[in-house]
2 protein chains.
Amino acid sequence: MSNCQSCPVRGRAICASLDGDELAAFSRMARHQRVPAGHTLIWEGEDVPLIANVIGGVLKLVVAAADGREQIVGLVFPSDFIGRPFGKESPYRVTALTDAEVCIYNRNSFDAFAAAHPHLQHKLLRRTLDELDRARYWMLLLGRKSASQKVASFLLEMSDRLARLDRKEAGFELPFGRQQIADILGLTIETTSRQLTRLRADGIVDLPSRRAVVIHDRDAMERMAG
Amino acid sequence: MSNCQSCPVRGRAICASLDGDELAAFSRMARHQRVPAGHTLIWEGEDVPLIANVIGGVLKLVVAAADGREQIVGLVFPSDFIGRPFGKESPYRVTALTDAEVCIYNRNSFDAFAAAHPHLQHKLLRRTLDELDRARYWMLLLGRKSASQKVASFLLEMSDRLARLDRKEAGFELPFGRQQIADILGLTIETTSRQLTRLRADGIVDLPSRRAVVIHDRDAMERMAG
DNA sequence: CGACCAATTGATTGTTATCAAGGGATGTGG
DNA sequence: CCACATCCCTTGATAACAATCAATTGGTCG
């Protein structure tokens, strides 16, 4: 049985809406699981009866076109939840970018529990509304921004989202390589690489290692992001 | 006071989850309003304390970049709801594409009512999850598809979504002009027009008037959509 | 009929994808 | 500890696609 008391996302995940007895019942339904980097938890089109809370690590949501090109349509961070409650098949693949830890529920049990606990459902609704806003904002980036605007916007958003986890004062470590960045931004790996090189040449960022980023001139970056 | 009994979206909107007394109380909170084509109901950044159900017509959700370029991030059809429950400001503008009719609620009252009626909240959650799936699927189109694939995908989706309203056997009437299509697909008006012309030249569609579309060869269209 | 607006068409430019090759880090086995 | 292989990233040359700039057409309404 999971120990929710020591859970690092206890205060932020949807379970935060549950108290003593409810939490005990909820945690009895849970199965804790490690997901190694690169492993796919859910395949698209599959009717996976599974809901999960992310405890640690980062996962990606991927939609693939018929010809194999991929678009990452969402990133899942600790305290976010994964899966499609209420019985629809998953329209996208869920793959771990780093080693991850999740807390898994059987979907039927989860649905029943949610129906009986309006507070939980309320949290779920709020999170889904937030995700929808984020997805829609990302549509502006994909549809209307140039390559340099995309890369600048991306680095700013990653800086914000990773700051909460990393707590390094200066920079942050991306949980993925160049191809993944390209798949997030709707670009090729070459274009992505060129834009990063240019940002470094202009002194706006430093790239001390493959995945590390230090933003030197945040104002310039925000101007570039459009 | 609104008359929900004769409401054309009675069976499909979120209110479908309410019965006799609940519906009566809910409808006392509602204000029926006409929105003429082109009129903006909600501006981005504004903290509009407003939730609405669409009864008739079509509206668009728009995000604008700093330089004025626009991306349509969602279309709102009858029975869909508009607004951001639970107190966040709207991240996008909501503008009517056609003359529309909506059923408006004060957000605070709506939130309180939703909190007290789990069935309503459940419907809201399901709809929001569906919208999120749709938005994410659209991200593949924006990030990875070519102009011709975008236009073909668009016509197919419009065919599906409008068929439910129109019920014309052969074709359908788009509720918007070329610039709006371009803003949905992340293209310019010229590119959009050229792709439509090419589809007509290839005999795949007919464009009997500015906004009318008849799909002749649906298979070819699906092949094009990628 | 003429004015106006939306859509189309044409010519050209610019950006990004594609194709191709060259670094540079990491890890393994000799 | 070094040679080598591998993987990922970068860089370069070229091509394709869509954006932009610029007219023109066509449909609608006073």
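Convention: sequence-line order gives letters A, B, ...; per-chain numbering from 1.
- Between B/T197 and C/dT9 there is a side-chain N or O to OP1 or OP2 distance below 4.0 Å.
- Spacing between atom CD of A/Q71 and atom P of C/dA17 amounts to 12 Å, rounded to whole angstrom units.
- At distances below 3.5 Å, not a single donor-acceptor pair connects side-chain atoms of A/S193 with backbone N or O atoms of A/I189.
- The CZ atom of A/R69 sits 10 Å away from the C1' atom of C/dA17 (whole-angstrom rounding).
- Put simply, the side chain of A/Q149 gets close to the backbone of A/S146: a donor and an acceptor are under 3.5 Å apart.
- Here A/D183 does not pair with A/R69 in a salt bridge; the nearest charged N to carboxylate O distance is not below 4.0 Å.
- A donor-acceptor contact under 3.5 Å links the side chain of B/R194 to the base of D/dT20.
- Distance, A/L207 CG to C/dA25 C1': 15 Å, rounded to whole Å.
- Across C/dA6, D/dC7, D/dA19, the shortest atom-to-atom separation from the side chain of B/T188 is found for D/dA19.
- Remark: A/S193 is in phosphate contact with D/dT10, judged by side-chain N or O atoms under 4.0 Å from OP1 or OP2.
- As a whole-Å value, the separation of B/D183 CG from C/dA7 C1' is 15 Å.
- Nearest-nucleotide assignment on DNA chain D puts the 5′-proximal partner with A/R211, out of A/R211 and A/R144.
- Comparing C/dT18, C/dC5, D/dA19 by their closest approach to the side chain of A/E190 singles out C/dT18.
- Rounding to whole angstrom units, CZ of residue B/R210 and P of D/dT28 are separated by 7 Å.
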* **Secondary structure of DNA chain D in dot-bracket form (Watson-Crick or G-U wobble, distances below 3.5 Å, | marking inter-strand pairs)** => |||||||..|||||||||||||||||||||
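- If you check the side chains of B/T95 and B/T40, you find a donor sitting under 3.5 Å from an acceptor.
- No donor-acceptor distance shorter than 3.5 angstrom exists from the side chain of A/D202 to the backbone of A/I204, with no hydrogens or angles considered.
- For A/I189 and C/dT16, the CD1 to P distance is 17 Å, given to the nearest whole Å.
- In B/R198, the CZ atom is not crowded: 12 or fewer heavy atoms of neighbouring residues, nucleotides or ligands sit closer than 6.0 Å.
- Distances shorter than 4.0 Å separate none of the side-chain N or O atoms of A/S146 from OP1 or OP2 on C/dT15.
- Of the candidate nucleotides D/dC7, D/dA18, C/dA17, C/dA17 has the atom lying nearest to any side-chain atom of A/L187.
- Side-chain contact check for A/R178 and A/Q180: no donor-acceptor pair (N or O, by modelled atom type) lies under 3.5 Å.
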